[in-house]
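Below is one structure, written out as structure tokens; the observations come after it.
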Amino acid sequence: MTADEVAARIESGMTVGVGGWGSRRKPMALVGALLRAPATDLTIISYGGADVGMLCAAGKVRKVVAPFVTLDTIPLEPHFRTARQQGAIEFTEYDEGMFMFGLLAAAHRLPFLPTRAGLGSDVMRVNPELRTVRSPYTEEDLVAAPALTMDVALVHLNRADRRGNAQYLGPDPYFDDLYAKAATSCYVSCERLVDSADLLKEGPVQSLLISRSFVTGVVEAPGGAGFTSCEPDYGRDEAEQRRYATTPWQEYHHEQG
């Protein structure tokens, strides 16, 4: 598929999960296509970075669910900050561990998973809808992390074949496999499409992170992580990231076409 074909399938009001972490291996080619598409009123689930910031700045977002929205070397994503300070979006902030268990629950089609993450913190105070459950084995009260189900997941991997088997070659899988399993439809962009038989030429079988059984479409997008990193193919473009963070959104977006 093309990135624009993927974006055309995303409808207003959908919940969209975006893989990667902060400013690392974000599917920015797919996000860019979504910026051009008509869909609005989206709920974005993400270990957030520029993906969240750009979609908020473009008025595409109704709600963000995230443990953070950061550019890593720039601690707080500036366009997300502006949207929050102006009251333009809703925001549900979970502890990183709670967020992971929410993805895991959705991936396994469970309504929630119990965790200690968040206990004794203000996460429970600022999210009064959260509930606790008592262990039937130890009588311990645990947070019931709700499943982070989504209509669509967008992820970016280093390599993929045309059937949707996708491979990471960098130091961390992040949670892209959970996004793929948690979503009704998952679209994978990759640096390079390869034959299935060639997937193991660059990495071991453990690097085959996402199975074709969870993938709806594949997009070959060299440089598709944008200025975020996609190790070992390329690192983060710090100069471009600083320019993005310091340039008014309309000006930056116009320059990018």
Side-chain angles (χ1 to χ4, degrees), residues 13-22 24-27 41-49 51-52 61-70 80 84 89-155 157 164-166 168 171-188 204-216:
M14 279 187 168
T15 296
V16 180
V18 186
W21 178 286
R24 309 175 202 184
R25 212 175 70 227
K26 284 289 181 177
D41 197 39
L42 301 173
T43 295
I44 304 299
I45 296 176
S46 177
Y47 284 100
D51 54 319
V52 174
V61 179
R62 177 181 64 84
K63 181 179 181 180
V64 173
V65 182
F68 53 73
V69 185
T70 179
F80 165 76
R84 274 298 286 157
I89 60 168
E90 300 174 35
F91 182 42
T92 297
E93 183 179 12
Y94 290 152
D95 167 274
E96 289 179 26
M98 291 170 59
F99 192 88
M100 179 195 71
F101 275 99
L103 291 176
L104 194 61
H108 288 277
R109 302 300 187 264
L110 295 170
F112 71 93
L113 277 175
T115 176
R116 293 188 180 92
L119 288 173
S121 77
D122 275 351
V123 170
M124 304 299 292
R125 180 184 62 80
V126 300
N127 295 291
E129 74 280 2
L130 287 173
R131 299 291 182 264
T132 58
V133 293
R134 178 155 294 182
S135 166
Y137 303 107
T138 64
E139 300 299 312
E140 179 183 8
D141 287 329
L142 301 167
V143 176
L148 295 176
T149 56
M150 55 197 79
D151 298 301
V152 176
L154 307 176
V155 298
L157 279 295
N165 298 298
Y168 81 102
D172 199 318
Y174 309 118
F175 296 96
D176 287 357
D177 54 332
L178 296 185
Y179 280 96
K181 294 173 182 177
T184 302
S185 300
C186 175
Y187 297 94
V188 175
V205 67
Q206 294 90 340
S207 66
L208 299 179
L209 184 65
I210 295 177
S211 165
R212 65 183 185 274
S213 60
F214 299 105
V215 175
T216 306

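- Considering every non-hydrogen atom in both Asp177 and Ile210, the closest pair reads CA-CG1, 4.1 Å.
- Between Ile89 and Arg84 there is a side-chain heavy-atom pair separated by less than 4.5 Å.
- The salt bridge (charged side-chain N to carboxylate O under 4.0 Å, His left out) test applied to Arg131 returns no partner, not counting sequence neighbours.
- The ring of Tyr174 has its center no closer than 6.0 angstrom to the ring center of Tyr47.
- With values rounded to the nearest 0.5 angstrom, Trp21 atom CH2 is found 11.5 Å from Asp176 atom CG.
- Between Lys26 and Leu154 the shortest side-chain heavy-atom distance does not fall below 4.5 Å.
- In this structure, Ile45 CD1 and Leu103 CG are separated by 7.5 Å, a value rounded to the nearest 0.5 Å.
- Among residues at least two apart or in separate chains, there is no salt bridge (charged side-chain N to carboxylate O under 4.0 Å, His left out) pair with a member in residues 91-102.
- Asp172 pairs by the salt bridge (charged side-chain N to carboxylate O under 4.0 Å, His left out) definition with nothing, not counting sequence neighbours.
- In the model, Ser46 has a side-chain atom that pairs as donor or acceptor with a side-chain atom of Asp51 under 3.5 Å.
- Met150 approaches Ala153 most closely through the heavy-atom pair SD-CB, 4.1 Å.
- The line from OG1 of Thr132 to CG of Leu119 is 8.0 Å long, rounded to the nearest 0.5 Å.
- Applying the side chain to side chain contact (heavy atoms under 4.5 Å, CB included) criterion to Asp151, with sequence neighbours excluded, gives Met14, Thr15.
- Taking both residues in full, the closest heavy atoms of Pro204 and Ser207 are given as O-OG, 2.5 Å, listed atom of the first, atom of the second, then distance.
- Qualifying salt bridge (charged side-chain N to carboxylate O under 4.0 Å, His left out) partners for Arg24, counting only residues two or more places apart in sequence or in other chains: Asp72.
- The heavy-atom pair separating Cys186 from Phe214 by the smallest distance is CB-O, 3.2 Å.
- When all heavy atoms of Leu130 and Pro146 are compared, the closest pair comes out as CD2-CD, 3.7 Å.
- Atom CZ of Arg62 is separated from atom CG of Leu42 by 9.5 Å, given to the nearest 0.5 angstrom.
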Compile the donor-acceptor pairs under 3.5 Å between side chains in residues 108-116 and protein atoms, sequence neighbours left out, one pair per line.
unit_1, atom_1, unit_2, atom_2, d
Arg109, NH1, Ala106, O, 2.9
Arg109, NH1, Lys181, O, 2.6
Arg109, NH2, Lys181, O, 3.3
Thr115, OG1, Ala117, N, 3.0
Arg116, NE, Glu140, OE2, 2.7
Arg116, NH2, Glu140, OE1, 3.0

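- Nearest heavy atoms, Val123 versus Tyr94: CG1-CA, 4.5 Å.
- Centroid-to-centroid, the aromatic rings of Phe91 and Phe80 come within less than 6.0 Å.
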> Please walk me through it: do Asn165 and Leu208 pass side-chain contact (heavy atoms from CB on, under 4.5 Å)?
Replying inline: CA-CA 7 Å; Asn165 298 298; Leu208 299 179; 5.7 Å; no
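- Not a single donor-acceptor pair under 3.5 Å links the side chain of Arg25 to the backbone N or O of Val155.
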